[in-house]
Amino acid sequence: MSRIATPALDTATGATAEVYAQIRKAAGSVPNTYAAIGAHGPAALKAVLAAEGVLASGSLDKQDRETIKLLVSVVAGCDYCVAAHSLLGKMTGLSQDALRHIRAGEPTGDAKRDALIRFVKLLAGTSGTIAAGEFDAIKAAGYTDAQIVDISLAIALTTFTNVFNRINDTAIDFPAVD
């Protein structure tokens, strides 16, 4: 059970009700993590959603974004986000086998994705401190400078939700990870 009390969604008013309506319009429902953040920090939730919009219109494709978010969530130990990004990754077309490999931080057989997994796993484990050779390797795999900016943004956004969900022990409202 979540630690932070979240009022029923239908009782929300003002900025919280507005941001919930925005999420419902885009996703159909309000995930528990967004409900809790929005109930107590609607401006924070709006900032996250705005940054997610920037990321979505950026240089990474959906599978790369979900690969990053899933792997960062695994490293952080956020069961909520692992479940969410496993489902979202599946929705982008990542196979169950690829998702299992990503969660394990193992090669998937796709050289470019595997370079991304290695890079993100390293960044998540070192707070971004990497050797020049690691930077050279992600560039050699075909990632651009703009994509490295977007990789950093994806990590930052995921870190926020990971930390919040770990603090809150947010009740998981996504299918169990197999």
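None of the values given here were measured: they were computed from a predicted structure.
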Report summary line: Closest heavy-atom pair, Ile151 versus Val120, reported as atoms and distance to 0.1 Å, is CG2-CG2, 4.1 Å
Query raised in the report: Hey, mind stepping through Asp97 and Ser95 against side chain to side chain donor-acceptor pair (under 3.5 Å) and telling me if it holds?
Result: CA-CA 5 Å; Asp97 191 48; Ser95 69; 5.2 Å; no
**Report entry** Nearest atoms (heavy-atom pairs only) where Ala35 meets Thr6
**Finding:** O-CG2, 3.6 Å
Query - Under 3.5 Å: donor-acceptor pair, side chain of Thr161, backbone of Thr158 - result: yes
Report task. Is it possible for you to say whether Ile172 and Leu99 belong to one hydrophobic cluster, with membership spreading through side-chain heavy-atom contacts below 4.5 Å? Result -> no
Query raised in the report: About how many Å separate CZ of Arg166 and OG of Ser73, when rounded to the nearest 0.5 Å?
Result: 10.5 Å
Requested in this report: Could you tell me whether the side chains of Thr108 and Asp114 share a donor-acceptor contact shorter than 3.5 Å?
Outcome: yes
Report summary line: d(Ile37 CD1, Phe160 CZ) to nearest 0.5 Å is 4.5 Å
Report summary line: Heavy atoms of Gln63 and Gly93 approach each other most closely as NE2-C, 3.4 Å
Query raised in the report: Between CG of Leu122 and CD1 of Ile117, what distance do you get to the nearest 0.5 Å?
Result: 13.5 Å
Query raised in the report: Roughly how far apart are Thr33 OG1 and Tyr80 OH, rounded to 0.5 Å?
Result: 5.5 Å
Query raised in the report: Less than 4.0 Å between a side-chain N and a carboxylate O, is that true for Glu134 and Arg118?
Result: yes
Query raised in the report: Between Asn168 and Ile4, is there a donor-acceptor pair closer than 3.5 Å when you use the side chain of the first and the backbone of the second?
Result: yes
Query raised in the report: Do Thr16 side-chain atoms and Pro42 backbone N/O form a donor-acceptor pair below 3.5 Å?
Result: no
Query raised in the report: Just by modelled atom types, is the Val30 backbone N or O under 3.5 Å from a matching donor or acceptor in the Tyr20 side chain?
Result: no
Query raised in the report: Which pair of heavy atoms, one from Pro175 and one from Ala83, lies closest together, and at what distance?
Result: O-CB, 3.8 Å
Report task. Run the numbers on Lys112 and Asp64 for salt bridge (Lys or Arg N to Asp or Glu O under 4.0 Å), then give the verdict. Result -> CA-CA 10 Å; Lys112 189 170 182 181; Asp64 280 351; 5.5 Å; no
**Report entry** Sub-4.5 Å side-chain heavy-atom contact between Val19 and Gln22
**Finding:** yes
Report summary line: Interatomic distance, CG@Asp150 vs OG@Ser59, rounded to 0.5 Å, equals 3.5 Å
Query - Contact summary for Ala17 and Ala12, nearest pair of heavy atoms - result: CB-O, 3.4 Å
**Report entry** Linked, directly or transitively: Ile148 and Ile68 (ILVMFWY side chains, under 4.5 Å)
**Finding:** yes
Query raised in the report: For Thr67, which of Lys62, His85, His101, Arg113 qualifies under side-chain hydrogen bond (donor to acceptor under 3.5 Å, both in side chains)?
Result: Arg113
Requested in this report: Check whether any side-chain heavy atom of Ile23 lies under 4.5 Å from a side-chain heavy atom of Leu49, and answer yes or no.
Outcome: yes
Report task. Check whether any side-chain heavy atom of Phe174 sits under 4.5 Å from a side-chain heavy atom of Asn32, and report yes or no. Result -> no
**Report entry** Interatomic distance, Leu55 atom CG to Leu153 atom CG [nearest 0.5 angstrom]
**Finding:** 5.0 Å
Query raised in the report: Which one of Gln96, Glu66, Arg103 satisfies the side-chain hydrogen bond (donor to acceptor under 3.5 Å, both in side chains) criterion with Ser86?
Result: Arg103
Query raised in the report: Is it the case that one hydrophobic cluster holds both Val48 and Leu88, taking links as side-chain heavy atoms less than 4.5 Å apart, direct or via other members?
Result: no
Query raised in the report: Transitively linked via ILVMFWY side-chain contacts under 4.5 Å: Ile167 with Val75?
Result: no
Report summary line: All heavy atoms of Asn162 vs all of Val72, minimum pair found to be OD1-O, 3.4 Å
Requested in this report: Give a yes or no on this: more than 12 heavy atoms of other residues, nucleotides or ligands lie within 6.0 Å of atom NZ of Lys139.
Outcome: yes
Requested in this report: Kindly work out whether a path of hydrophobic side-chain contacts (I/L/V/M/F/W/Y, heavy atoms less than 4.5 Å apart) joins Ile130 to Ile138.
Outcome: yes
Report task. Check the pair Lys69 / Glu52 against salt bridge (Lys or Arg N to Asp or Glu O under 4.0 Å), numbers first and verdict last. Result -> CA-CA 12 Å; Lys69 291 176 178 187; Glu52 286 288 356; 2.6 Å; yes
